[in-house]
Amino acid sequence: MKQLTYRIKGQSVRIRVVETERDLPEFEEFIWRHEILGFDTETTGLDWWSEDFRLRLAQFGSESEAYVVPADLGQPFRGAVRNALERVPWLVAHNGGFDLHVVETCLGIPMEDLASKVWDTKLIAHLVDPRAVKERGPGLKLEELVKFYLDPVTAEEVKGSMTALAQKYKTTKEKIWPLVELFDESYLRYAGMDPVLAIRLFKLLYPLVPIRSKAQGLIGWEHRLAHVTAIMERTGYLLDVGYAEKRASELLLEQTKWEEVVKSYGIENPNSNAQLITAFTDLGIVLTKKTKKGNLALDDDVLQSISHPMAEAVVRARKASKWRATWFLKALEGRDAENRVRASINSLQARTGRMTISGTIAAQTFPKGSGYVRNMFLAEEDHVSVSIDFGNMELRFLAAYCRDPTMLDAFLNGKDLHQITADAAGAARNDGKRANFLTVFGGGWQALVAGGGIDEPIAKRVLEAFARTYPGVGVFAKKLSAEARRTGYVWTVTGRRVPVDPGKWFRALNYFIQSGSRDVTARAILELHKAGYSEFMRLPIHDELIFSFPKKHAVEMAREAARIMEFRVNGLLIPAEAEIGHRSWGSILDMEASKH
DNA sequence: AATTGTTGCACC
DNA sequence: AAACGGTGCAACAATT
């Protein structure tokens, strides 16, 4: 048994590393002594679905003691880890969904067997304070939380030790994981400290979760939700490789063609704004639009306004290259041996709790104009793709809680809210619609003008008409802003506490609506899980869920799933409607387009 | 050469 | 009286 120590805030942490079979009884004895332990794994990477993915180390820790087990050496170490996981009543892991994927694929313990005893410090931390570091919050990553709540020196040392390790092995922090020697001392120390930090964070953060959140059962709710999204991750999405490859090469041709045009004007790289700004200025074109940091902007908007053949070529070359790399190559490179791709579904991520999807399937940002990108994702054999989305979710949510009579009446009696707003201002329906959505974001007339196609007097008139027509919205927004100014927070109906930045009190309304709507989707996912729909769910996209249903039963299943998703908030129904496509996800969009 | 910041762009 | 909310990622540029 190798022994290492680590000092955190003057306290000594003992890290014991199992080296041989003879060390296992002591490890097992440690496991038996504890009711709750921190847990973490070190692996060859993050791609737990890959053929060559391996579990290297498994670590268990209390607040002052950790055991590191070299699972990569095979039996009997793997069995010891398996037994420990089954024996400990409670586990604490940071972003535990990942470790459960690892344990399932590498040790054969189904996620379902462990999920109910795992506390996830990422979820707990979010309920305490959801803000990212760049929002001047604690962040959600383990290292960030350690820095903010526990000990900045430790956070710095952990980070530093990985940088040093990467240097020692002449590689990057990203690529070090499969290369580092299993018994490298700084690797073992880093590995051993992780479960210790996780359980320390858990003990510190749990009492900081607002009483209200606990009373409304949010902690358990978020853990159950994370489990269902982990099931979606495990299922993955079948990729139409032929389709994706065809589109990728088609886009490469397109990209090359327009790059040639750009080059004919002496510009090497259409993605370099610096080169382009110089070139356009030399041509006598005056650029005025600025970026957020005050530099000259050269976005699509600016390029459209330039009447020079190079401007159009730049737009086309950039678009082809972005689409090829971001959507098609990403999916092709990330696929597994069965041609499935897996998203990383972060079930509780944004400040408002909104989920994000990162990694191989950036599903939340797929172009929606046609099925061009989404066509590469297929329902299972003999299945069809189904999308079920909530109708007018955020505006209905607003109406339900602000209780404005006109707005409520519109939704209760199937009237056209956008037209009502437009009529009140004597404006076009589309301007009414934009004003309605702008209210949800908390924007003023300037934002309406910035959106284009509307000048100042009309923008002002439409927003005045909005305020006059739905006075309840303004009253409600004021109430939330005042509360935010007083307390720094807005409380959602599920008992979630959302911090509002000082001086930005107007955002309170948006946070209330956005977070509450996210919770309606979250509820839908949990109810669908209970009803046995988990294996058919593919992805959540804010107000929409994507499914693969057996062709034979698609109509009934879609109808039932939509019924399960529908939910009354404060008495007002948020309806859900299903769209059934052919086999590819994109076919849903293409069928819709051909209808109109 | 690797990491970090900036910009632009895809979406709800 | 004035306030446009929430994301992730590719590529380039600047920094270390």
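Hydrogens, waters and symmetry mates are skipped; everything else that's a heavy atom, side chains included, is used.
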Report the nucleotide, chosen from [options], that has the shortest atom-to-atom distance to any side-chain atom of [X].
| X | options | value |
| --- | --- | --- |
| A:Asp543 | B:dG8, C:dA3, B:dC12 | B:dC12 |
| A:Asp300 | B:dC9, C:dC4, C:dT7 | B:dC9 |
| A:Ala350 | B:dG8, C:dC4, C:dT7 | C:dT7 |
| A:Arg507 | B:dT6, C:dG6, B:dC12 | C:dG6 |
| A:Ala325 | C:dA10, B:dT3, B:dG8 | C:dA10 |
| A:Lys322 | B:dT3, B:dT7, B:dA10 | B:dA10 |

>> Any donor-acceptor pair, under 3.5 Å, between the side chain of A:Lys368 and the base of B:dC11, if you only look at N and O atoms?
In response: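 No pair found.
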> Donor-acceptor pair under 3.5 Å: do we get one between A:Arg354's side chain and the base of B:dC12?
Replying inline: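 Under the 3.5 Å cut-off, the side chain and the base do form a donor-acceptor pair.
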Indicate, with a heavy-atom threshold strictly under 4.0 Å, whether [X] touches base, sugar-phosphate, or nothing.
| X | result |
| --- | --- |
| A:Lys293 | sugar-phosphate |
| A:Phe366 | sugar-phosphate |
| A:Lys330 | sugar-phosphate |
| A:Leu298 | sugar-phosphate |
| A:Gly503 | nothing |

>> I'd like the C1' distance from B:dC11 over to C:dC4, given in whole Å.
In response: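 Their C1' atoms lie roughly 15 Å apart.
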> Once you round it to whole Å, what is the distance between P of C:dG8 and CH2 of A:Trp327?
Replying inline: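 Rounded to whole Å, this separation is 13 Å.
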> Rounded to the nearest Å, what distance is computed from the CG atom of residue A:Leu438 to the P atom of nucleotide C:dG5?
Replying inline: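 Atom CG in A:Leu438 sits about 10 Å away from atom P in C:dG5.
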Ignoring hydrogens and geometry beyond distance, is a side-chain donor-acceptor pair present between [X] and [Y] at under 3.5 Å?
| X | Y | result |
| --- | --- | --- |
| A:Tyr470 | A:Thr439 | no |
| A:Ser358 | A:Thr356 | no |
| A:Gln514 | A:Thr352 | yes |

> Is the charged tip of A:Arg247 near the ring of A:Phe328: under 6.0 Å from the six-membered ring centre and within 45° of its axis?
Replying inline: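 Geometry flag: not set, cation outside 6.0 Å or 45°.
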> Which is it for A:Glu312 and A:Arg316 under the salt bridge (Lys or Arg N to Asp or Glu O under 4.0 Å) test, yes or no, and what are the steps along the way?
Replying inline: CA-CA 6 Å; A:Glu312 195 203 344; A:Arg316 289 179 181 269; 2.7 Å; yes
> With stacking defined as ring centroids separated by under 5.5 Å and planes differing by under 30°, is A:Phe506 stacked against C:dA3?
Replying inline: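 Here A:Phe506 fails the 5.5 Å or the 30° condition.
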